[in-house]
Engineer: 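The structure under discussion is supplied below as structure tokens; questions concerning it will follow.
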Amino acid sequence: MVLRHSPTTYYKRYLSDGWYFKQEDLPKSDYLPVSQFPTVIHLDLLHHHKISDPTIDLNREDCQWVGEKKWLYRTTIPFTKSSSRPHVDLVFEGLDTFATVTLNGKTILEADNMFLEYRVSVTDLIAEGDNDLEITFDSAFLRGRELEEKQGFKNEFWNGDSSRLNVRKIGCHYGWDWGPRLMTAGPYKPVYIEEYESRIEELDTDVEVLPTLNSAILTVSATIAGNDKEDIILRVLNPGKEEIVRYQVRSSQQQKIILANPKLWYPVNYGSQPLYTITASIGNHCITRKIGIRLLEVVQQPLQLATPQSTRSAGLTFFFRINHIPIYCQGTDWIPPDTFLPRMTPRRYREALLDHALGSNQNMIRVWGGGQFESQDDFYTVCDEEGILVWQDLMFGCGAYPVNEKLLASITKEVTQNVTRLQHHPSVVLWAGNNEDYMFAEIHHLTYEPSDTSPTSWLKTNWPARYYYEQLFPSIISSHSPRTPYLPSSPFSPPSHDLPHRLANDTLTGDTHAWRVWMADQPRLPYQKYGSISGRFVSEFGMKSYPCLRTLQAHITDPAQRHPASRVLDAWHMAPEDQRTLALYLNENFRLGTSLEAYVYATQLLQAEAMDFAVRAFRRNWGGSGKEECGGSLIWQLNDCFPAVSWSLVDASSRKKLAWYTIKRAYSPITINASRFVHTTHTPGSNAHSDVDIVRSVGLQIWASNLTIKPISAILCVRVYEIGGSAALYEEKMQVLLDPNRSQELKTYLPLPCTKASKQLSIVNGVPLTQTVVALTLYAADSCSTTLARFIEWPQPLRHLDLSSKPDNDDGISMRITAGDVKGQRLIKLQAYKPIKGVEIYAKEYDLVLDDNCIDLVPGEEVCIVWTVGKGDGMGGVSDENVLVRHLGSRWE
């Protein structure tokens with residue numbers, strides 16, 4: 001090939017300055033400068049004090065008018081023509097949502113999809129000197145209602161407003177069961193101008209990894225916009241940034257590259273995350289992609305044998321396997337991290353992903369279908385670099401979406417564009433067509449017959465959206481992301497070898513949303529029953545709690561409203577029945593205080609206990625090869641965008657709830673766990689049908705989980721204490737060997753040491769109530785001073801236990817604070833003189849950065865918490881005297 005030296009020049013300029021806005025029907029004198037760019041209307045109105053902060057008190061009710069007005073944004077583009085750059089484009093990375101764009105008074109774009117990037121050639125319209133650019137944003141709420149009326153029927157839906165199904169906008173902007181309606185509008189992503197003779201339009205990559213893992217075939221192609229007579233320079237750099245190949249190719253020419261013994265990409269804790277760099281350049285324009293080399297599979301195969309504690313052996317597995325290693329996924333579901341998205345910064349994304357997700361031992365994030373496709377650099381690239389797996393929903397959820405010619409065309413562009421944009425990320429391991437739409441169709445008895453395989457007939461039913469999920473989306477993904485598996489919905493349960501068609505939310509195949517605990521339209525089972533509703537992959541489950549106390553105090557300005565039954569807090573319960581459901585679970589499990597402080601603590605401890613029960617029970621079913629009865633658990637939800645009562649582990653002010661710390665321990669690579677059970681027998685000689693002559697014995701099952709890929713030799717210490725007791729009633733140590741990458745049963749006690757069989761043994765919610773606490777500690781076999789895991793098992797429900805502090809305010813806890821080994825760290829050392837539940841370390845006026853919290857204590861051990869001083873403590877200057885503790889049974893008032 002003859003080397004061509006291209007004189008092509010390329011120039012890109014972001015249009016971030018000189019923007020003004022106003023309500024569209026007001027005079028020009030009302031123009032005000034924008035507060036930032038990109039922006040949405042609420043941020044600009046807040047900046048100019050035209051509305052009050054909707055997160056404060058009940059202010060959101062007073063700014064609903066914003067979403068029903070038209071808004072006009074304008075700026076001036078200075079321009080000088082260049083003969084070496086004959087093509088000029090305007091690019092709008094994201095417009096929210098219905099937008100009319102004019103340049104020098106001429107309409108150049110009618111946008112109607114928030115998830116699309118728009119590119120417009122303005123070569124023949126842009127003039128020398130100043131050019132007027134205006135964007136008018138219509139009310140998405142009113143336009144949606146008009147579209148719904150025009151179609152002639154009302155959409156069936158959950159959450160928000162039925163008209164949202166006609167609008168390609170973030171669904172939760174209409175309100176959801178954890179956040180309010182706040183209908184934003186504006187240029188919420190960057191706008192820029194490109195001048196060029198030639199530019200790289202697309203850079204496509206495909207990575208095929210051979211089953212032997214010793215070779216990978218990389219197929220790369222790039223396309224040129226403009227003068228496509230020039231050659232493209234393709235380069236591949238290894239993870240050490242060394243160039244390994246360079247090619248000169250024409251536009252759209254595929255180049256195959258064989259990588260021998262490639263460095264493989266693994267999820268966090270399973271290996272490293274090396275990234276290869278691919279660049280395509282022409283003239284001075286260059287596009288870069290970073291890719292990971294990994295062999296990805298979603299394994300759905302018949303189970304060989306049920307785990308010992310399970311009675312469900314039918315169906316298929318559902319788990320991820322990367323480079324031949326089965327991965328047990330532990331993580332959370334992700335919602336839009338801010339209602340006003342332009343406020344998100346790289347720092348906030350990294351905090352959420354590194355501190356909040358990785359910091360609690362998560363290895364997977366599910367980007368939920370009622371939100372948005374996330375930021376390329378700030379979200380997915382960080383996941384690539386850190387080994388966080390991404391389950392990516394497409395942006396549909398909780399409804400029966402209509403199908404019409406215009407929507408179909410827009411959605412086709414939307415999914416094609418975003419799948420193409422994200423397909424090279426090694427962290428993206430699954431596409432899912434929607435959130436809960438199949439489950440919705442079944443519950444509302446819409447026309448859904450799995451045996452009907454005709455897409456044409458689907459379009460004639462009252463659930464035509466099946467065409468999207470089973471025809472359109474699979475076609476797009478097979479073309480643009482063929483190495484990434486696709487699931488029509490979450491949840492979705494495909495038929496198996498031994499089962500006919502399953503309901504969408506079945507527990508024996510596919511994934512499940514486990515809402516039989518909590519949801520008002522479900523049985524609202526006790527959280528102690530989570531183990532009974534495990535599925536092959538549990539991709540949603542949760543328990544609501546209040547935000548942190550300091551968050552509430554900052555957002556409720558009237559002290560008289562700072563109580564659990566206030567009008568403000570009523571309004572911050574975003575779903576029907578929430579107050580009743582939360583009260584139900586609180587009353588079932590705790591003795592309650594009435595102050596806001598006590599209530600916040602109780603709801604957060606409730607959430608922590610429920611999530612601990614759930615994730616440990618689900619993970620117990622990861623039984624090794626052929627016994628993968630559960631392949632992962634994703635808690636609903638990691639984050640919040642409003643200070644509501646919600647399922648989040650981290651509140652809207654980035655404060656960690658108590659459950660975050662509990663999950664950090666339960667998601668650790670190595671865990672030790674236990675649960676009680678009741679063994680019943682009839683009194684010798686009694687009637688076999690008697691309900692009276694029964695003797696009940698309490699037993700204890702102990703199991704461990706090792707998610708590392710190496711066997712672990714350890715010593716298990718079992719100690720039994722009486723509630724209120726200061727010394728162990730029983731102690732036993734035993735050597736154990738934990739097999740790699742599985743959970744396993746270790747020991748069963750029957751009866752539980754220091755308990756007696758009894759006719760009077762109380763059974764509450766199916767769980768035996770006894771007055772003993774069991775402490776489990778797993779030590780490294782070669783060093784009994786190295787704790788691998790610990791767990792305190794309590795009788796349930798906790799409300800039947802007297803854990804109250806003594807009248808002399810003796811909490812039974814000793815706390816010492818000493819200097820740490822690292823500068824800027826202090827060590828908080830806790831000891832207990834009786835079993836203590838849910839110890840929270842806190843400061844009234846500061847946010848403490850702690851490596852652990854919400855801790856159970858028993859006598860005879862010291863638990864050390866690392867406190868990073870000067871980080872997260874607001875005003876700074878926090879001293880040891882500011883550090884306090886409280887626990888279940890503390891004297892609140």
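Just so you know, these numbers come straight off a predicted model, no measurement behind them.
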Engineer: Given Gln330 and Tyr328, is the side-chain hydrogen bond (donor to acceptor under 3.5 Å, both in side chains) satisfied, shown in steps?
Structural biologist: CA-CA 7 Å; Gln330 303 187 122; Tyr328 185 81; 5.6 Å; no
Engineer: Which atoms form the tightest heavy-atom contact between Asp640 and Ala652, and what is the distance?
Structural biologist: CB-N, 3.6 Å
Engineer: Flag this pair as yes if the NZ/CZ of Lys844 is under 6.0 angstrom from the six-membered ring centre of Tyr842 and inside a 45 degree cone about the axis; otherwise no.
Structural biologist: no
Engineer: Checking Arg562 side chain against Gln553 main chain: does a donor-acceptor pair fall under 3.5 Å?
Structural biologist: yes
Engineer: When you look at Trp158 and Met439, which way does the side chain to side chain contact (heavy atoms under 4.5 Å, CB included) test go after all the steps?
Structural biologist: CA-CA 11 Å; Trp158 293 329; Met439 190 168 77; 4.1 Å; yes
Engineer: After noting the C-alpha distance and the side-chain angles of Gln362 and Ser360, does the key distance pass the side-chain hydrogen bond (donor to acceptor under 3.5 Å, both in side chains) rule?
Structural biologist: CA-CA 6 Å; Gln362 298 181 41; Ser360 55; 2.9 Å; yes
Engineer: Working to the nearest 0.5 Å, report the span between CG of Asp177 and CD of Glu577.
Structural biologist: 13.0 Å
Engineer: Would you say that Val517 contacts Phe541 through its side chain, given a criterion of any heavy-atom pair below 4.5 Å between the two side chains?
Structural biologist: no
Engineer: In the structure I gave you, are the side-chain heavy atoms of Leu803 and Arg591 within less than 4.5 Å of one another anywhere?
Structural biologist: no
Engineer: Measure the shortest side-chain to side-chain distance between Ile327 and Met364 over non-hydrogen atoms and say whether it is less than 4.5 angstrom.
Structural biologist: no
Engineer: Less than 4.5 Å apart, side chain to side chain, heavy atoms only: is that true for Glu732 and Tyr749?
Structural biologist: yes
Engineer: By the definition side-chain hydrogen bond (donor to acceptor under 3.5 Å, both in side chains), identify the one residue from Thr671, Asn361, Asp852 that meets it with Arg665.
Structural biologist: Asp852
Engineer: Hey, what do you get for OG1 (Thr662) to CG (Leu658), rounding to the nearest 0.5 Å?
Structural biologist: 7.0 Å
Engineer: Do side-chain atoms of Arg619 reach the backbone of Ser633 as a donor and acceptor pair under 3.5 angstrom?
Structural biologist: no
Engineer: Under 3.5 Å, is there a donor-acceptor pair between the Asp856 and Trp794 side chains?
Structural biologist: yes
Engineer: Could you report the tightest heavy-atom contact between Tyr530 and Phe618, atom names first, then the distance?
Structural biologist: O-CE2, 3.4 Å
Engineer: Does a salt bridge link Lys837 with Glu609, judged by any charged N lying under 4.0 Å from a carboxylate O?
Structural biologist: yes
Engineer: Not counting sequence neighbours, which residues clear side chain to side chain donor-acceptor pair (under 3.5 Å) with Trp703? List them please.
Structural biologist: none
Engineer: With no hydrogens and no angle check, is any side-chain donor or acceptor of Arg550 less than 3.5 Å from a backbone partner on Glu845?
Structural biologist: yes
Engineer: How far does CD1 of Ile813 sit from OG of Ser890, to the nearest 0.5 angstrom?
Structural biologist: 6.5 Å
Engineer: Hey, is the main chain of Ile670 close enough, under 3.5 Å, to the side chain of Ser668 for a donor-acceptor pair?
Structural biologist: no
Engineer: Name every donor-acceptor pair, under 3.5 Å, that has one atom in a side chain of residues 716-723 and the other anywhere in the protein, sequence neighbours excluded.
Structural biologist:
from: Arg719; atom 1: NH1; to: Tyr721; atom 2: OH; distance (Å): 2.9
from: Tyr721; atom 1: OH; to: Pro859; atom 2: O; distance (Å): 2.7

Engineer: Let me confirm one number: the NE2-CD distance from His356 to Glu351, rounded to the nearest 0.5 Å.
Structural biologist: 4.0 Å
Engineer: With the side chain counted from C-beta on, respond yes when Thr787 and Tyr779 share a heavy-atom pair under 4.5 Å apart, and no when they do not.
Structural biologist: yes
Engineer: Please report the shortest heavy-atom distance between Gly624 and Arg742, naming the atom on each side.
Structural biologist: N-CB, 3.7 Å
Engineer: Taking the side chain from Asn706 and the backbone from Asp739, do they hold a donor-acceptor pair closer than 3.5 Å?
Structural biologist: yes
Engineer: Taking the six-membered ring for Trp, are Trp636 and Trp178 parallel (under 30°), tilted (30 to 60°) or perpendicular (over 60°)?
Structural biologist: tilted
Engineer: Show your working on side chain to side chain contact (heavy atoms under 4.5 Å, CB included) between Asn363 and Phe320 and close with a plain yes or no.
Structural biologist: CA-CA 12 Å; Asn363 62 11; Phe320 293 84; over 6 Å; no
Engineer: So which atom in Val650 and which in Ser648 form the shortest heavy-atom distance, rounded to 0.1 Å?
Structural biologist: O-OG, 3.1 Å
Engineer: Just by modelled atom types, is the Leu776 backbone N or O under 3.5 Å from a matching donor or acceptor in the Arg790 side chain?
Structural biologist: no
Engineer: Does Gln607 reach the main-chain N or O of Ser545 with its side chain, forming a donor-acceptor pair under 3.5 Å?
Structural biologist: no
Engineer: List the steps and the verdict of side chain to side chain contact (heavy atoms under 4.5 Å, CB included) for Leu569 and Leu552.
Structural biologist: CA-CA 9 Å; Leu569 277 169; Leu552 289 175; 4.0 Å; yes
Engineer: A side-chain contact here means heavy atoms from C-beta on lying under 4.5 Å apart; do Trp176 and Met574 qualify?
Structural biologist: no
Engineer: To the nearest 0.5 Å, what is the distance between CG (Leu746) and CD (Gln701)?
Structural biologist: 11.5 Å
Engineer: Determine the minimum heavy-atom distance between Trp334 and Asn639, stating which atoms define it.
Structural biologist: CA-OD1, 3.7 Å
Engineer: Indicate the atoms forming the closest heavy-atom contact of Trp867 with Leu848, along with that distance.
Structural biologist: NE1-CD2, 3.8 Å
Engineer: Would you mind reporting whether Ser653 and His555 have side-chain heavy atoms less than 4.5 Å apart?
Structural biologist: yes
Engineer: Does Arg620 form a salt bridge (Lys or Arg N to Asp or Glu O under 4.0 Å) with Glu629? I'd like the steps, not just the answer.
Structural biologist: CA-CA 9 Å; Arg620 186 180 187 179; Glu629 287 201 57; over 6 Å; no
Engineer: Quick check against the 3.5 Å criterion: does Tyr527 have a side-chain atom that pairs as donor or acceptor with the backbone of Leu606?
Structural biologist: no
Engineer: Could you measure the distance from the CZ atom of Arg516 to the CG atom of Asp521? Nearest 0.5 Å is fine.
Structural biologist: 11.0 Å
Engineer: Looking at Leu649, Asp651, Val600, Ile663, which one forms a side chain to side chain contact (heavy atoms under 4.5 Å, CB included) with Lys657?
Structural biologist: Asp651
Engineer: Given 3.5 Å as the limit, does a donor-acceptor pair link the side chain of Gln604 with the main chain of Tyr546, or not?
Structural biologist: yes
Engineer: Could you tell me whether Arg366 and Asp393 have a side-chain N and a carboxylate O separated by less than 4.0 Å?
Structural biologist: yes
Engineer: Run the side-chain hydrogen bond (donor to acceptor under 3.5 Å, both in side chains) test on Thr512 and Asn505 for me, step by step, so that the C-alpha distance in whole Å, both residues' side-chain angles and the decisive distance to 0.1 Å come before the verdict.
Structural biologist: CA-CA 5 Å; Thr512 186; Asn505 202 27; 3.0 Å; yes
Engineer: Does Val866 offer a backbone N or O that forms a donor-acceptor pair with the side chain of Asp851 under 3.5 Å?
Structural biologist: yes
Engineer: Give a yes-or-no answer on whether the side chains of Asn853 and Trp660 include a donor-acceptor pair shorter than 3.5 Å.
Structural biologist: no
Engineer: Strictly under 6.0 Å, is that where the ring centroids of Trp647 and Trp515 end up?
Structural biologist: yes
Engineer: So Trp391 and Phe537, would you call those rings parallel, tilted or perpendicular, with 30° and 60° as cut-offs?
Structural biologist: tilted
Engineer: For a 4.5 angstrom cut-off between non-hydrogen side-chain atoms, does Gln637 reach Thr332?
Structural biologist: no
Engineer: Would Asp578 and Val645 count as a side chain to side chain contact (heavy atoms under 4.5 Å, CB included) if you check the C-alpha gap in whole Å, the side-chain angles of each, and the deciding distance to 0.1 Å?
Structural biologist: CA-CA 9 Å; Asp578 266 8; Val645 178; 5.6 Å; no
